[in-house]
Amino acid sequence: YNAWEVAGIANLPLSDSMALRLVAQHREHDGYGRNFAGEDLADENSTFLRGKLRWEASDHITATLTGSYNRARTAGPIAKLAGLAQPAAPGGAPGGVATLQVAAELGLLPFTPENLAAAASVFSSYIGGDPYESGVLGDTSSRVEGYSVGLTVDIEMTDAMTLRSITGYQHMERANSSDADATPFDILYATRLTPFDEYISQEVQVLGDHNRFSWVAGVYFGSERGRELSPSMSLPFLSSTNPSITDADVKNVSYAAFAQGSYSLTDRLRLTLGARYSLDDRTLVSRNSAAGLCGVPAAGVDVAVAGSADTECPRAFKKGFSDPSWLASVDFDVTEGVLAYGKVARGYRSGGLNIRGRNTAVLFSPFDSETVTEYELGLKTEFLNRAVQFNVAAFYDDYKDIQRSSSVATGAGPQSFVNNAAKGTIKGIEVEAAIRPTRYFTIQATGGLTDAKYDEFLTATGDRSGETFGIPKWTGSVGATYVQPLAIGELTFHADTTYRSKVDLVPGAISQEQLTQKGYALVNGRIALNIEDMGLEVAVFGRNLTDKVFYEGGSHLEGILGYNYKITGSPRTYGISIKKRFGAF
């Protein structure tokens, strides 16, 4: 795929008290797939730059200034039509209202059973075939550009206490276009723009370390503001509400205070306790419209006709959220090379405001904060001078008010809407092992068993309790590395395989079989020659060596428009890399 990448890293001492580190990377590759017009899909063109300047202003003050820039562009993913909705009535045509749109574009009018059956036949012809050839015809490109600046200042107040200030600024712009039907027909097309998004943050910490006790305490402030603009077209031959436009200004402000400490009760037993309290204010100013008419219901209006006196553009929505987070953990050196630990922690994700609503007040309603309480027990071991390593961890995560996005039908076309699943749990076990039979040969393996599901989840479309999270039940990997010493350096051989069991790409889909990825394994390999005196490494590598076809995502539009589609993963790739080191590194 004509892939190439160049990266450079330089560490530059500028004086006895100042040093500079520079990183630059650029990578490109042609598309892994093609659209209906034969143009690239799943390509890449990205650039990343980073600089870090460290200054030891005195024996007690150190300042680090960082800056970064990134830009990435892709022609979009390889979307494949996964299947059509079943006919709404016996003898009807599959594909729902999307089939009506296809019939209209093909000129198969009026909508007689014969014409709709012919349209459905053409529509369904885009199911299957070459997994890297998509029926998409419209623009599906994605572009992201951003930069950041940060300053960290450490002031050593005493031998045991340090004051730290962390200041940050981030700026981002992006533009994504999607032809969300995996066919050349104009069923659903959307552009998602972030003309600007900026985030300013300030954190102050006090860190201490005295005898058996180390700790940190501080406060945090963050402020984000930006604009989201998303015009979309759905069923243009059938709908009179095009274009549907999401247009909103967003402002989010966060405050927090936190503290955490670790105390060595004995030489072998340590206790860690931590807590954080967060306050989050969310503000949204909406100008959403359909066919040029305001679609934001005025205050106190449940359902509004677009452009009527019951609408209000712009209209501000506000909501505040707050919650504590905490951590308690203990770890114990059972014997030399054996560490046991246990942890209980509570985490919090702020709630927010729905941005994409139309005409109905409920589609602008806020969604609640999400919380999780996690319990974990684990064991980390090393034996025979680290020739054998074995780690195991068991966990149980108890979720409340899980934030999930769903697609809902509105008069202005399909809209995404975030709501809360009342309860859910993730529980499982993870194992890691490494064996080094000889000095030059290492075998590594991992395994995981995960059970993740909603215990209680009621939505406008039905009861989704018992539904999975879309996480594979079984995961695992096996790898081996052999190093052959040479007179000029080393020759290293590495191979590994990773496995994922069956996974529902979109849990809760009506026709789940259309959006289920069967279990699969990927095989990778690498051979590298390291010439020590030259500071040179030359390697050949391959990823997905068996060229396994798999799907990494999907979308469920069956209940709204009449079809589902999925996204093809990366095919086999291989290449050569060269790394050269200069000076002390």
Side-chain angles (χ1 to χ4, degrees), residues 1 3 5 27 29 32-33 42 44 77-78 80 130-132 378-384 386-395 426-452 468-484 490-505 515-530 537-554 566-579:
Y1 302 97
E5 176 181 348
R27 58 188 302 172
H29 66 75
Y32 295 148
E44 181 181 5
I78 307 168
K80 295 289 295 182
D130 189 329
Y132 302 104
L379 196 67
K380 297 180 180 293
T381 67
E382 295 179 352
F383 303 103
L384 304 177
R386 302 191 69 181
V388 177
Q389 295 176 289
F390 179 80
N391 302 327
V392 60
F395 57 90
I426 301 179
K427 53 189 175 181
I429 187 169
E430 297 175 341
V431 177
E432 299 175 329
I435 302 174
R436 195 172 65 208
T438 72
R439 178 181 176 185
Y440 302 110
F441 184 45
T442 303
I443 301 172
Q444 295 175 310
T446 66
L449 170 62
T450 306
D451 179 23
T468 68
F469 278 23
I471 298 174
K473 184 175 182 179
W474 295 96
T475 57
S477 69
V478 177
T481 303
Y482 177 73
V483 179
Q484 175 62 55
E490 293 179 337
L491 185 62
T492 302
F493 301 86
H494 174 81
D496 64 72
T497 181
T498 58
Y499 172 77
R500 298 180 62 182
S501 64
K502 183 189 76 170
V503 61
D504 296 331
L505 300 175
L515 292 168
T516 296
Q517 169 62 55
K518 296 180 180 179
Y520 65 94
L522 300 180
V523 179
N524 311 298
R526 189 173 188 267
I527 302 173
L529 173 64
N530 187 9
E537 180 192 82
V538 180
V540 293
F541 62 88
R543 305 184 184 99
N544 190 8
L545 288 171
T546 61
D547 206 15
K548 177 66 178 179
V549 175
F550 63 97
Y551 297 92
E552 59 187 10
K566 51 190 177 181
I567 305 299
T568 308
S570 301
R572 174 172 54 214
T573 58
Y574 49 86
I576 184 170
S577 70
I578 302 172
K579 182 185 293 184

Checklist entry - With sequence neighbours left out, what residues match D504 under side chain to side chain donor-acceptor pair (under 3.5 Å)? => result T516
Checklist outcome for this item: Closest non-hydrogen contact found for F550 with S570 is CE2-O, 3.5 Å
Item to check | Contact check, side chains of Y132 and V549, non-hydrogen atoms, under 4.5 Å | outcome: yes
Next on the checklist: Please report the interatomic distance CD(Q484) to CD1(I527), rounded to the nearest 0.5 Å.
Outcome noted: 13.0 Å
Checklist outcome for this item: Minimal heavy-atom distance between I78 and P131, with the atoms involved, is CG2-O, 3.5 Å
Checklist entry - For the atom pair CG (L522) and CG (N544), what is the distance rounded to the nearest 0.5 Å? => result 5.0 Å
Item to check | Inter-residue atom distance K80.NZ - I567.CD1, 0.5 Å rounding | outcome: 11.0 Å
Checklist entry - Is the closest side-chain heavy-atom distance between F395 and E430 below 4.5 Å? => result yes
Next on the checklist: So that I can tick it off, tell me whether E537 and R526 are bridged by a salt bridge, with the cut-off set at under 4.0 angstrom between side-chain N and carboxylate O.
Outcome noted: yes
Item to check | From CD1 (I443) to OH (Y482), nearest 0.5 Å | outcome: 13.0 Å
Checklist entry - Under the criterion side chain to side chain contact (heavy atoms under 4.5 Å, CB included), which of E382, Q444, R436 is the partner of Q389? => result E382
Checklist entry - Closest approach of I435 and P437, non-hydrogen atoms and distance? => result O-CD, 3.3 Å
Checklist entry - Within a radius of less than 6.0 Å around OH of Y574, do more than 12 heavy atoms belonging to other residues, nucleotides or ligands occur? => result no
Next on the checklist: On a heavy-atom basis, which atom in H29 and which in A42 lie closest, and how many Å separate them?
Outcome noted: CE1-O, 3.0 Å
Checklist outcome for this item: d(T450 OG1, K473 NZ) to nearest 0.5 Å is 10.5 Å
Checklist entry - Can you list every side chain to side chain donor-acceptor pair (under 3.5 Å) pair that touches residues 492-503, not counting sequence neighbours? => result T481-H494, H494-D496, D496-N524
Next on the checklist: Testing the basics here: between I426 and A452, what is the closest heavy-atom pair and its distance to 0.1 Å?
Outcome noted: CG1-CB, 3.7 Å
Checklist outcome for this item: Interatomic distance, OH@Y32 vs OG1@T573, rounded to 0.5 Å, equals 5.0 Å
Checklist entry - Does V431 reach the side chain of F390, with side-chain heavy atoms less than 4.5 Å apart? => result yes
Item to check | Sidechain-backbone polar pair: R572 side chain, T546 backbone, donor-acceptor under 3.5 Å | outcome: no
Next on the checklist: Does the structure place the NZ or CZ of K566 under 6.0 Å from the centre of the six-membered ring of Y551, at an angle of no more than 45° from the ring's axis?
Outcome noted: yes
